[in-house]
Each structure stands twice: as structure tokens, then as C-alpha cells.
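Following: one structure in C-alpha cells, then a few remarks.
So you know, we letter chains A, B, ... as the sequences are listed, proteins then strands, and number each from 1.
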Protein chains: 2
Amino acid sequence: MVREPLGEEAAAELSRMFKALADPIRLRLLSLIASHEGGEACVCDLIGPFDVSQPTISHHLKVLREAGLVGSERRGTWVYYWVLPEALAKLSALLEIPAASAKALA
Amino acid sequence: MVREPLGEEAAAELSRMFKALADPIRLRLLSLIASHEGGEACVCDLIGPFDVSQPTISHHLKVLREAGLVGSERRGTWVYYWVLPEALAKLSALLEIPAASAKALA
DNA sequence: GACTTGTTTCGATGTTTGTCGATACAGTCG
DNA sequence: CGACTGTATCGACAAACATCGAAACAAGTC
């Protein structure tokens, strides 16, 4: 982010991922999934903690899935979700601003 | 994010910051500012690269400012913007998922 | 003070997003 | 097969957002 001025296409793709994170419910969902034992959680684990309806949770999970932040799979009756660490790592790396480029140290 | 299931208030605050990043123009603005020499840039430097009107750029800068991602100051005729590294570092740290919590390694 | 340039705010408009209830689909168990 | 549980999709609606042009504001110059 500091070295390259970030081309239009790259910015468009990254903004899609950040957009998926730009909702408190989706952030909490992601956190619930990541902190769940085994690194995965079924939808039934994810509905209780929220005040919104089940279809709404399902919608948010779809947004996370289409953004490439989580994977999912049906196993029998339940659908399980897990975090895709590479995607988060990509965003995390982007936001690491070398101290040398901060204004105060320039 | 992995250890704590991320409380409602924390999620709300973080989602506000991610929302500011959830737009390709704002990502490119941030990148332009961060990569500009001296770590800061005046608005006049930030208009050229985009196809949108100048008020729209000003609006996006306001969003970044209110999200606490950049600081700004008027110096004579021009207004300068710079990145606030602590804010980005906070988000970056949040997205660092320890490998141990990935599904495959659980 | 009047003019000019750089920047922000305002009001309006079309689009996107979050949410819901109703419904459809998938799998399990009698 | 039929009933039941878990999950996803659909259609609708209200709220939020990106964008623009016009207008206001700020600082410098004549």
C-alpha cells in the first residue's frame, strides 16, 4: 500500500473484501467462527448470539463466502463454515504501514 | 479476533473503520497518501488520478478522516492529509489469524 | 476591498445494502 | 413416503451511500 499507489483493479478487489468486513454482524460472525473450537462452526452455532433472523445470518454468511473470507461445506444435516486464513493475511499485510512512512518520521 | 468472540461495541467500532476502507477510491486515496513523499499529500495531489469530481474526493477524505484513518491540517492555501499508522496497525493486528486456529491445523 | 484558486458543505438523485417474512431446498428419522 | 429440522433463496421495503452541480468558505494576490 505504501510502495505502489494501488491500481484500480487491485483496489476494486480489495474493496470487495473490506466491504464484507464492514458490518458489525459479519465481523462478529467471523470472530465466532475463528474462535470456535476446531476452527469451524455450523450455522446453528451462529444464530443464537444475534438478534436478527436466521435468513439474515445466512445472507451475511453468503457475503463472507463470496468475498473469499470463509469456506463452507455441508456435512449431513449441518453446514459448517471456517475462516480462510490466506485471505485475512492478505488484508492484514496490506495494512501494515512501515513506521518509516509515517508522517512524523519522514 | 480468534481469542475473544468480539463484543458488540468493539465490532461496531471496527466495522466503522472497515467501512471506510470498503471503497476502491478510498483505498487508492489512502495508498496515494501513504506512498506520497513525506507521508502526506495535499488534496490537489489527490484529484488528478481519479475520474470523479473534486467534491466527491473531498467527501471520501472526510469519511477517512471521521473513521480515524487519516489526519488533516490546513497550511496556508492547501489542506494536507496523512495516514494515522496506529489505526491501520489495529486493523492489521485484528486480521492476523494464528495458523493454529486455521481449520486444517486444528 | 475585489478577484482568484483551493477546499468543503449542501441538496438532490439513483443505487446498494440490511432486514424481514414466506417459501423452497436438503437431509434425517419415523 | 411423510414429517421434521436446518439452511438457503426470494421478493419487498426502508435506510444508507456514492455521486453530482451549485454554492459557501478560506487564504492569498492585486
>> Measuring only between side-chain heavy atoms, which start at C-beta, is A:D45 closer than 4.5 Å to A:H36?
In response: yes

> Taking OP1 and OP2 of D:dT19, is either one under 4.0 Å from a side-chain nitrogen or oxygen of B:S53?
Replying inline: no

> At under 4.0 Å between heavy atoms, what does A:I25 touch on the DNA or RNA strands: base, sugar-phosphate, or nothing?
Replying inline: sugar-phosphate

> Shortest non-hydrogen contact from A:L21 to B:L95?
Replying inline: CD1-CD2, 4.1 Å

> Starting at CZ of A:R16 and ending at P of C:dT16, how long is that distance when rounded to a whole Å?
Replying inline: 14 Å

>> Taking the minimum atom-to-atom distance to the side chain of A:P55, which one of D:dT7, C:dG21, D:dA18 wins?
In response: C:dG21

>> Just the rounded figure in Å: distance from P of D:dA8 to CD1 of A:I47.
In response: 9 Å

> Where is the tightest heavy-atom contact between A:R28 and B:A11, given as atom of each residue plus distance?
Replying inline: CG-CB, 3.4 Å

> Rounding to a whole Å, what distance do you find between A:I57:CD1 and D:dT7:P?
Replying inline: 12 Å

> Which heavy-atom pair separates A:A87 from A:M17 by the least distance, and what is that distance?
Replying inline: CB-CE, 3.7 Å

>> From the set D:dT7, C:dT19, C:dT28, return the single nucleotide nearest to any side-chain atom of A:T77.
In response: C:dT28

> Charged N to carboxylate O below 4.0 Å: is that the case for B:E40 and B:R75?
Replying inline: yes

> DNA chain C: A:K19 or A:G76, which has the more 5' nearest nucleotide?
Replying inline: A:K19

> Picking from C:dT8, D:dG6, D:dT19, which would you name as closest to the side chain of A:W78?
Replying inline: D:dG6

> Within the structure, does a side-chain N or O atom of B:Y81 lie under 4.0 Å from either OP1 or OP2 of C:dT8?
Replying inline: yes

> Heavy atoms under 4.0 Å, any strand shown: does B:T56 hit a base, just sugar-phosphate, or nothing?
Replying inline: base

> Side-chain N or O of B:H59 less than 4.0 angstrom from OP1 or OP2 on C:dC10?
Replying inline: no

> Taking NZ from B:K62 and P from D:dT19, how many angstroms apart are they, rounded to a whole number?
Replying inline: 15 Å

> Does C:dG6 have OP1 or OP2 sitting under 4.0 Å from an N or O in the side chain of B:R74?
Replying inline: no

> Given D:dA27, is OP1 or OP2 found less than 4.0 Å from the side-chain N or O atoms of B:R75?
Replying inline: no

